[in-house]
Protein chains: 4
Amino acid sequence: MIKIDPNDGTPIYLQIVRQIKYMIASGAIREDDELPPVRVLAQQLVINPNTVAKAYRELEFQGLIYTRPGAGTYVAKRRILFSDEERLRIIQEKIESLIVEAQNLNFTLEELAKIFNERLTKIYKQQTEEKGNERD
Amino acid sequence: MIKIDPNDGTPIYLQIVRQIKYMIASGAIREDDELPPVRVLAQQLVINPNTVAKAYRELEFQGLIYTRPGAGTYVAKRRILFSDEERLRIIQEKIESLIVEAQNLNFTLEELAKIFNERLTKIYKQQTEEKGNERD
Amino acid sequence: MIKIDPNDGTPIYLQIVRQIKYMIASGAIREDDELPPVRVLAQQLVINPNTVAKAYRELEFQGLIYTRPGAGTYVAKRRILFSDEERLRIIQEKIESLIVEAQNLNFTLEELAKIFNERLTKIYKQQTEEKGNERD
Amino acid sequence: MIKIDPNDGTPIYLQIVRQIKYMIASGAIREDDELPPVRVLAQQLVINPNTVAKAYRELEFQGLIYTRPGAGTYVAKRRILFSDEERLRIIQEKIESLIVEAQNLNFTLEELAKIFNERLTKIYKQQTEEKGNERD
DNA sequence: GTGGTCTAGACCACA
DNA sequence: GTGGTCTAGACCACG
């Protein structure tokens, strides 16, 4: 499920973090699902177990997973770990980066707004559909 | 218009390389346009001049810019232009990443849209004001 | 300044974390003060640099210090990183532990309250004195 | 009345050992008092019975408890009693640690006092109620 | 010279 | 068998 690109430039452990974040956000893995054991994932990706452990630690810090030592690693329940100021700070940083990149790529602000809001609407529809299905 | 994210994981000099590359490849800056001097950019971004110098060296090595010793640094002739599909693909990837981050921070899609559009509007106003001032 | 007890039972890196937390809380080290470099502290304590790095990473997680790669590690400005729910959860856990330990040690709740409030009052007086001195 | 803190850093079995030791050394439990069966305590603390068993083994090795096979586990004769100074020293160390934690989480001393005393009052009421019921 | 990443490999606590 | 800690030691990014 997870793929490492050694030439990516970003550290391996962050590549793992990013991909697991995607899986959690998209609902591909859910609360209390078990993640692959450190050693197993390390063997699959042909990297050192410590590197996987580091990725898991980072995710645990962000409140997305939890580990029960001796048992395994699991997807955590959604909860608000950081203060509102902190959450806002983090997301505004990312927004800032996105806008700058868009301008570097010669998009106007209007174009960016359009692409962004379209994507958001699409996801919104998907999620309301899923909720509808769950109710069935 | 370059933005550094210290938590990105990618080295600062590569963040600069990427962003300038995008500006060139998307036509945001053009042949023989002058890049900001190393020291000026370093001061703007609050980073070490060596780091900026390294980015410029890398870009020169890739043939995207050239330096005229004692004069300045300029965008080179040989340019690779992104297709519109390429530009769209890149920006959509970034948007995707922003949305994932927001969801894992427990922002709703509505909250994200609100924060994003507010920021965009603010920048839009700033830029139209600046243009107004330029005309004076 | 920092002392390691190999027979303590608690991991070395947590012993470091705890002691630095004390230094920060007591004002022994303050905002923007530099911590000893990883390698230096490791050599002093005769432990592996990675272990010190792990302690520093943990403190950075908790928002108590920040690192500028290539430069050094510094005491961070006080700020509220975690949500109120999270902060309350953490401190209530500790209070719970304290109360249980007190009962195990055959203190009555009244005795515990007395000892605790006396200690708190003492610190409170100290801190108001210090503020007074700073104003001079 | 044992409490496990998974984030403490010290192994669970040692947390149990320490707390039972305190109960014995402070007279909270006495010679020939029965300890809870391994399985019962494990269920209460939501941990593995092996972990409790290991703690009991360690306490037996230290001569603080003895087991009568098929019957139960009891507090041994040979007891080391803490002096009042010792008890006070231990609990003050814990209080110190709680205050440091609270300050680093940006609680004021007043807030800490309030949370602490509220919790204490609540437990006090519970315990007097229980005694009332016992009398019935 | 500073911190960051990664590997290889050992040992421990715990289920 | 699972995660956690620690060591030794290499290489890189950055100031």
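Proteins come first, then strands; the chains are lettered A, B, ... in the order of their sequence lines, and each starts at number 1.
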Subject >> Closest listed nucleotide, where the reference is the side chain of Ile47(A) and the choices are dG3(F), dG3(E), dT7(E) >> reply: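 Looking only at side-chain atoms, Ile47(A) lies closest to dT7(E).
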
Original post:
The side chain of Val38(A) lies closest to which of these nucleotides: dG3(E), dG3(F), dC14(E)?
Top reply: dG3(F)

Can you tell me if [X] touches the phosphate of [N], counting only side-chain N or O atoms and a distance under 4.0 Å to OP1 or OP2?
| X | N | result |
| --- | --- | --- |
| Thr73(C) | dG3(E) | yes |
| Tyr13(A) | dT5(E) | yes |
| Thr67(A) | dT2(F) | no |
| Lys54(C) | dC6(F) | no |

Find the distance [X]:[atom1] to [N]:[atom2] and express it as a whole number of Å.
| X | N | atom1 | atom2 | value |
| --- | --- | --- | --- | --- |
| Gln43(A) | dG3(F) | CD | P | 13 Å |
| Asn48(C) | dC11(E) | CG | P | 16 Å |
| Leu14(D) | dG4(F) | CG | C1' | 15 Å |
| Ile65(A) | dT2(F) | CD1 | P | 16 Å |
| Arg68(C) | dA13(F) | CZ | P | 20 Å |
| Asp5(D) | dC14(E) | CG | C1' | 16 Å |
| Leu45(D) | dC14(E) | CG | P | 13 Å |
| Glu58(C) | dG4(F) | CD | C1' | 13 Å |

Subject >> Euclidean distance, Asn104(B) CG relative to Leu81(A) CG, rounded to 0.5 Å >> reply: 12.0 Å

**OP:** Starting from the 5' end of DNA chain F, give me the residue, Pro11(B) or Ala53(A), whose nearest nucleotide shows up first.
**Re:** Ala53(A)

Subject >> DNA chain F: 5'-proximal contact among Ile12(C) and Thr51(B) (nearest heavy atom) >> reply: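 Closest to the 5' end, via its nearest nucleotide, is Ile12(C).
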
Original post:
Pick the nucleotide of DNA chain E nearest each of Val46(D) and Leu35(C); which residue has the one closer to the 5' end?
Top reply: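 Final value for this comparison: Leu35(C).
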
Original post:
For Glu34(C), does the CD atom have more than 12 heavy-atom neighbours from other residues, nucleotides or ligands under 6.0 Å away?
Top reply: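 Correct, the count exceeds 12.
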
Original post:
Counting only heavy atoms not in Arg89(A), do more than 12 sit closer than 6.0 Å to its CZ atom?
Top reply: yes

**OP:** Searching all strands shown, indicate the nucleotide that pairs with dC14(F) (Watson-Crick or G-U wobble; both distances under 3.5 Å).
**Re:**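 Per the H-bond distance test, dG1(E).
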
Original post:
Between the side-chain atoms of Asn50(C) and the base atoms of dG9(F), is any donor-acceptor pair under 3.5 Å?
Top reply: yes

**OP:** Please evaluate the base of dG3(E) for a donor-acceptor partner in the side chain of Arg39(C) within a cut-off of under 3.5 Å?
**Re:** yes

Original post:
Does a side chain donor of either Gln62(B) or Glu58(B) reach within less than 3.5 Å of an acceptor in the other side chain?
Top reply: yes

**OP:** Measure from the ring center of Tyr13(A) to the ring center of Tyr56(A) and say whether it is less than 6.0 Å.
**Re:**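 No, the ring of Tyr13(A) stays outside the 6.0 Å limit from the ring of Tyr56(A), centre to centre.
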
